[in-house]
Amino acid sequence: MDGDSRESPDNEGRDCWKESLDYFPAPQPPAMSDPITLNVGGKLYTTSLATLTSFPDSMLGAMFSGKMPTKRDSQGNCFIDRDGKVFRYILNFLRTSHLDLPEDFQEMGLLRREADFYQVQPLIEALQEKEVELSKAEKNAMLNITLNQRVQTVHFTVREAPQIYSLSSSSMEVFNANIFSTSCLFLKLLGSKLFYCSNGNLSSITSHLQDPNHLTLDWVANVEGLPEEEYTKQNLKRLWVVPANKQINSFQVFVEEVLKIALSDGFCIDSSHPHALDFMNNKIIRLIRYR
């Protein structure tokens, strides 16, 4: 040994490796402020994380705050399998907290469903206000509701012990309402207030609105002693009104709630029809609106 300090080949290789790491630094995750590109149903949108999380309680807020997993397309963009065309209005609302729609916008129902999917509650409320505004802008309109009610016997099993079941039956009130209005916007407004309770979940009746001027509702009142799972098994739907969160168990309650919605939209009771007895018996309701 001559006292010179020499690095071993292993040390020399390690130093070269360190230098190469300094020269080619490891890739870093995208900064929180970096633009984010979304693929929504095949349509690309670029925005910021701050915009996507502007409403933390929404589904988008949960997705982009890490509370929910996100899917990626082949290009690495965040992928959402929803309608890409109307997403622009949702994204603009996230940016400005203001609903901007063109005057000839024709896809209010689709936008409402998408807003409900993303659970942007202020947008849902803004859409409801917009529909009320559009409805009031309509000219003369007529609303006619025909009500039917019958009693049906429902049979069900009751579990009395782990291995003991008994057959029981009870009377059940079945309701039917046929609603026609020349104002399709009013029917959409009505649909945003009424919900079916099925499988333990509430679903808006707007999904059952096949004809823009006609809506048919079928539901049952609560059945005494009927286990909750039997409603699902026998496809028995109950009806709720929101935001009052009230279950409709009688025609009287149904008529009261519909009248509240209709009167607030400018309708009034047609004094010439129906016959007073029919109206008091909750068989026929006819309302009119003059502009």
Side-chain angles (χ1 to χ4, degrees), residues 109 128 131-132 135-136 138 140-155 169-199 201-226 230-232 234-290:
Q128 290 175 349
E131 290 186 329
V132 170
S135 181
K136 288 181 177 179
E138 285 184 326
N140 300 347
M142 185 268 289
L143 171 64
N144 191 85
I145 305 175
T146 304
L147 305 171
N148 292 290
Q149 179 181 4
R150 60 187 172 86
V151 177
Q152 177 179 314
T153 301
V154 59
H155 303 281
S169 62
S170 182
S171 295
M172 172 180 65
E173 289 188 276
V174 181
F175 304 106
N176 170 267
N178 284 295
I179 306 172
F180 172 81
S181 178
T182 56
S183 170
C184 58
L185 290 175
F186 173 75
L187 283 189
K188 290 180 180 178
L189 171 64
L190 184 65
S192 70
K193 306 289 186 182
L194 298 176
F195 286 74
Y196 278 134
C197 178
S198 181
N199 298 323
N201 299 310
L202 292 179
S203 62
S204 172
I205 65 170
T206 51
S207 59
H208 301 267
L209 190 61
Q210 303 297 327
D211 183 333
N213 295 105
H214 184 259
L215 175 65
T216 300
L217 299 177
D218 295 285
W219 76 97
V220 301
N222 272 343
V223 181
E224 184 177 357
L226 183 66
E230 288 292 331
Y231 288 96
T232 302
Q234 302 196 35
N235 194 29
L236 303 175
K237 293 178 291 189
R238 289 160 290 179
L239 191 64
W240 285 71
V241 60
V242 296
N245 291 327
K246 180 190 298 184
Q247 184 175 349
I248 298 178
N249 277 318
S250 69
F251 268 149
Q252 180 179 349
V253 174
F254 177 78
V255 170
E256 289 174 354
E257 295 300 328
V258 171
L259 283 177
K260 287 179 187 177
I261 299 169
L263 294 176
S264 69
D265 198 47
F267 283 89
C268 61
I269 297 172
D270 187 349
S271 58
S272 62
H273 186 86
H275 189 278
L277 185 60
D278 283 336
F279 187 84
M280 295 305 295
N281 289 336
N282 294 336
K283 293 179 180 178
I284 300 175
I285 301 173
R286 178 170 292 177
L287 298 101
I288 51 178
R289 184 178 65 197
Y290 297 109

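Sequence positions, counted from 1, serve as the residue numbers for this chain.
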Heavy-atom closest pair (T182 atom, A141 atom, distance to 0.1 Å) is OG1-CA, 3.2 Å
Discussion item. Checking the side chain of Q128 only, and the main-chain atoms of K193 only, is there a donor and an acceptor separated by less than 3.5 Å?
Written reply: no
Looking only at heavy atoms, the pair that brings H155 and S169 closest together is ND1-CB, 3.4 Å
The ring-ring contact (aromatic ring centres under 6.0 Å, His included) partners of F175 (sequence neighbours excluded) come to W219, F251
Side chain to side chain contact (heavy atoms under 4.5 Å, CB included) filter on V174, not counting sequence neighbours, yields R150, Q152, M172, V220
Separation between CG (N176) and CG (N148), nearest 0.5 Å, reads 5.5 Å
Those residues at least two apart in sequence (or on a different chain) that pass side chain to side chain contact (heavy atoms under 4.5 Å, CB included) with N222 are Y231, R238, Q247, N249
Between L187 and N213, the two heavy atoms sitting closest are CD1-C, 3.2 Å
Rounded to the nearest 0.5 angstrom, the CD1-CG distance for I248 and L239 is 4.0 Å
Heavy-atom closest pair (F186 atom, D265 atom, distance to 0.1 Å) is CD1-OD2, 3.4 Å
Nearest heavy-atom approach of L263 to C268 is CD2-CA, 4.1 Å
#### Entry: Check against side-chain contact (heavy atoms from CB on, under 4.5 Å), I288 and N140
CA-CA 7 Å; I288 51 178; N140 300 347; over 6 Å; no
Sorted by chain and residue number, the side chain to side chain contact (heavy atoms under 4.5 Å, CB included) partners of S203 (sequence neighbours excluded) come out as Y196
Residues F195 and S204: closest non-hydrogen pair is CD2-N, 3.3 Å
Residue pairs passing the salt bridge (charged side-chain N to carboxylate O under 4.0 Å, His left out) test with at least one member in residues 210-223, sequence neighbours excluded, are none
Throw together a table of side-chain donor-acceptor distances under 3.5 angstrom for residues 254-261, partners on residues two or more places apart or in other chains.
from	atom 1	to	atom 2	distance (Å)
E256	OE2	Q252	NE2	3.3
E257	OE2	K246	NZ	3.0
E257	OE2	K260	NZ	3.4

With sequence neighbours left out, the residues meeting side-chain hydrogen bond (donor to acceptor under 3.5 Å, both in side chains) with T216 are N178
Value for CG (L217) from CD1 (I179), rounded to nearest 0.5 Å, stands at 4.5 Å
Review point. Is there a donor-acceptor contact under 3.5 Å from the side chain of S181 to the main chain of M142?
Key: yes
dist L190:CG -> I205:CD1 (nearest 0.5 Å) comes out at 5.5 Å
The side-chain hydrogen bond (donor to acceptor under 3.5 Å, both in side chains) partners of S192 (sequence neighbours excluded) come to none
